Student: 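Okay, here's the structure, questions in a sec.
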Amino acid sequence: MRPLTYYVGISLDGFIAGPEGEIDFYPVSDDHVAHMTAHHPEVLPTHVRRQLGIDDTENQRFDTLVMGRGTYQPALDVGITSPYAHLRQYVFSRSLTEQPDPAVEIVAGDPLAKVRELKQEDSPLGIWLCGGGQLAGQLLPEIDRLVIKKYPVVTGSGIPAFVTGFHPHQFTLTDCLTFGSGCAVLSYDRKPSPGLD
């Protein structure tokens with residue numbers, strides 16, 4: 001079964017973006033961009049990959065992306081209808097009634113059911129949960145890995161990394177990297193439930 005990985009940037013107080021979806025306050029350093037380019041090139045939008053000269057780089061970890069309408073909307077606002085053209089893209093939305101691009105599938109149904117279907121596919125690569133917090137909250141039972149880019153910023157408010165009720169899920173830290181910007185990239189795998197092999 002293919003893993004679902006939530007790869008996301010967050011503030012020290014647990015927000016993935018500002019109240020209006022702002023992310024431009026996150027500090028970026030050359031060493032962090034170099035690491036992303038080398039180890040997670042598929043999480044960079046297609047137009048950024050072109051700017052960096054890596055648009056023909058093969059996907060290393062993911063071949064499929066799932067995101068909510070709020071995560072997709074900023075691309076639409078600037079006329080980009082297929083922000084991750086190098087991946088299969090699924091946008092979960094009940095309000096988006098028209099498909100803006102043939103390369104982007106709009107899913108109005110149950111996100112859990114769709115992700116469980118995608119996880120059953122025969123592929124050596126995984127699925128990237130790009131955001132946002134509402135979708136991450138709904139998909140929390142199916143998240144196998146977390147890659148958290150924790151930035152040295154306190155926002156005070158914004159869009160939380162997970163919007164869900166109280167239901168603890170445990171993960172095990174598997175890696176920690178730090179970069180010149182002060183960003184720490186923390187990798188976690190889901191901790192098996194007690195009593196399961």
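Note that this is a predicted model, so its numbers are computed, not measured. Quick note: residue numbers are just sequence positions, from 1.
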Student: Does anything in residues 41-53 pair up under side chain to side chain donor-acceptor pair (under 3.5 Å), and if so which pairs, sequence neighbours excluded?
Tutor: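 Side chain to side chain donor-acceptor pair (under 3.5 Å) check on residues 41-53 returns T46-H86.
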Student: Can you get from Y26 to M67 by hopping between Ile, Leu, Val, Met, Phe, Trp and Tyr side chains that sit under 4.5 Å apart?
Tutor: no
Student: For Q170 and K191, indicate whether the former's side chain and the latter's backbone hold a donor-acceptor pair under 3.5 Å.
Tutor: no
Student: Can you confirm whether I54 sits close enough to L44 that some side-chain heavy atom of one is under 4.5 Å from a side-chain heavy atom of the other?
Tutor: yes
Student: Sequence neighbours left out, what passes salt bridge (Lys or Arg N to Asp or Glu O under 4.0 Å) with E117? Give chain and number order.
Tutor: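 Applying salt bridge (Lys or Arg N to Asp or Glu O under 4.0 Å) to E117 gives K114.
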Student: Listed by chain and number, what are the side chain to side chain donor-acceptor pair (under 3.5 Å) partners of D110, not counting sequence neighbours?
Tutor: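 None.
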Student: Which heavy atom in T71 sits nearest to a heavy atom in C130, and how many Å separate them?
Tutor: CG2-SG, 3.8 Å
Student: For residues D31 and G180, report the shortest heavy-atom separation together with the two atoms involved.
Tutor: OD2-N, 2.9 Å
Student: Measure from the side-chain N and O atoms of T155 to the backbone N and O of G158, and report whether any donor-acceptor pair falls under 3.5 Å.
Tutor: no
Student: Just do the side chain to side chain contact (heavy atoms under 4.5 Å, CB included) check on F62 and L125 with the steps written out, would you?
Tutor: CA-CA 5 Å; F62 313 117; L125 299 178; 5.6 Å; no
Student: Could you list the residues that satisfy side chain to side chain contact (heavy atoms under 4.5 Å, CB included) with D24, not counting sequence neighbours?
Tutor: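 Side chain to side chain contact (heavy atoms under 4.5 Å, CB included) check on D24 returns E22.
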Student: For K149, what residues pass the salt bridge (Lys or Arg N to Asp or Glu O under 4.0 Å) criterion, not counting sequence neighbours?
Tutor: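 Partners of K149 under the salt bridge (Lys or Arg N to Asp or Glu O under 4.0 Å) test: none.
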Student: Decide if atom CG of L186 counts as having more than 12 heavy atoms of other residues, nucleotides or ligands within a radius under 6.0 Å.
Tutor: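 More than 12 heavy atoms, drawn from other residues, nucleotides or ligands, come within 6.0 Å of this atom.
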Student: For residues F171 and L173: do they belong to one hydrophobic cluster (side chain heavy atoms under 4.5 Å, members Ile, Leu, Val, Met, Phe, Trp, Tyr)?
Tutor: yes
Student: Please examine the side chains of F15 and I159, heavy atoms only from C-beta on, and report whether any two atoms are closer than 4.5 Å.
Tutor: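 When only atoms from C-beta onward are counted, F15 and I159 do not touch, as no gap falls below 4.5 Å.
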Student: Is L12 reachable from V153 through a run of I, L, V, M, F, W or Y residues, each pair having side-chain heavy atoms under 4.5 Å apart?
Tutor: no
Student: Taking all non-hydrogen atoms of both residues, which atom of P74 and which atom of G70 are closest, and how far apart?
Tutor: CD-O, 3.1 Å
Student: Quick one: ring-ring contact (aromatic ring centres under 6.0 Å, His included) partners of F179, sequence neighbours excluded?
Tutor: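 If we apply the ring-ring contact (aromatic ring centres under 6.0 Å, His included) test to F179, skipping adjacent residues, the hits are H32, H35.
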Student: Under 4.5 Å between side-chain heavy atoms, hopping through other hydrophobics if needed: is there a path connecting I16 to V147?
Tutor: no
Student: Carefully, step by step, assess L118 and Y90 under the rule side chain to side chain contact (heavy atoms under 4.5 Å, CB included).
Tutor: CA-CA 10 Å; L118 293 172; Y90 294 89; 3.8 Å; yes
Student: Going from CD on Q99 to CD on E105, what distance comes out if it is rounded to the nearest 0.5 angstrom?
Tutor: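 Nearest 0.5 Å value for the CD-CD distance: 7.0 Å.
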Student: Find the distance between OH (Y188) and OG1 (T172) and round it off to the nearest 0.5 Å.
Tutor: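 Spacing of OH (Y188) from OG1 (T172) equals 10.0 Å.
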Student: Do C183 and S29 have side-chain heavy atoms sitting under 4.5 Å apart?
Tutor: no
Student: If every non-hydrogen atom of P83 is compared with every non-hydrogen atom of Y72, which pair is closest and at what distance?
Tutor: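 That closest heavy-atom pairing would be CD-CE1, 3.7 Å.
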Student: Measure the shortest side-chain to side-chain distance between Y84 and P45 over non-hydrogen atoms and say whether it is less than 4.5 angstrom.
Tutor: yes
Student: Would you say the side-chain atoms of W128 pair up with the backbone N or O of V43, donor to acceptor, closer than 3.5 Å?
Tutor: no
Student: Do the side chains of I80 and L87 join up, straight or via other hydrophobic residues, at under 4.5 Å, putting them in one cluster?
Tutor: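 No, because I80 and L87 fall into different hydrophobic clusters, even though each may have its own neighbours under 4.5 Å.
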Student: Would a distance-only check, ignoring hydrogens and angles, find a side-chain to backbone donor-acceptor pair under 3.5 Å from D175 to S187?
Tutor: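 Not a single qualifying donor-acceptor pair exists.
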Student: Taking the side chain as C-beta and beyond, is there a heavy-atom pair between Q120 and M1 under 4.5 Å?
Tutor: yes
Student: Quick one: pull up OG1 in T5 and CG in L65 and give me the separation to the nearest 0.5 Å.
Tutor: 11.5 Å
Student: Just jot down the ring-ring contact (aromatic ring centres under 6.0 Å, His included) partners of Y6, sequence neighbours excluded, or say none.
Tutor: F162
Student: Are side-chain heavy atoms of V8 and I148 found at a separation under 4.5 Å?
Tutor: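 In short, these two side chains touch, coming nearer than 4.5 Å.
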Student: Would you give the length of the straight line joining atom CG of L177 to atom NE2 of H39, rounded to the nearest 0.5 angstrom?
Tutor: 8.0 Å
Student: For D63, what residues pass the side chain to side chain donor-acceptor pair (under 3.5 Å) criterion, not counting sequence neighbours?
Tutor: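 If we apply the side chain to side chain donor-acceptor pair (under 3.5 Å) test to D63, skipping adjacent residues, the hits are R2, S123.
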Student: Applying side chain to side chain donor-acceptor pair (under 3.5 Å), name anything that partners S11, two or more places apart in sequence or on another chain.
Tutor: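 With sequence neighbours excluded, S11 shows a side chain to side chain donor-acceptor pair (under 3.5 Å) to D13, given in chain and number order.
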Student: Below 3.5 Å, can you tabulate the donor-acceptor pairs from side chains in residues 131-146 to any protein atom, sequence neighbours excluded?
Tutor:
unit_1, atom_1, unit_2, atom_2, d
E142, OE1, K119, NZ, 2.8
E142, OE2, R116, NE, 2.8
E142, OE2, R116, NH2, 3.4
D144, OD2, L4, N, 2.8
D144, OD2, K119, NZ, 2.9
R145, NE, D189, OD1, 3.3

Student: Would you say that T81 contacts V104 through its side chain, given a criterion of any heavy-atom pair below 4.5 Å between the two side chains?
Tutor: no
Student: For residues 70-99, which residue pairs qualify under salt bridge (Lys or Arg N to Asp or Glu O under 4.0 Å), counting only residues two or more places apart or in two chains?
Tutor: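 Applying salt bridge (Lys or Arg N to Asp or Glu O under 4.0 Å) to every pair that reaches into residues 70-99, excluding sequence neighbours, yields R88-E121.
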Student: So do P111 and V66 actually touch side chain to side chain, heavy atoms under 4.5 Å?
Tutor: no
Student: Return the set of residues passing side chain to side chain donor-acceptor pair (under 3.5 Å) with R69 (not counting sequence neighbours), or none when no residue passes.
Tutor: Q73, S95
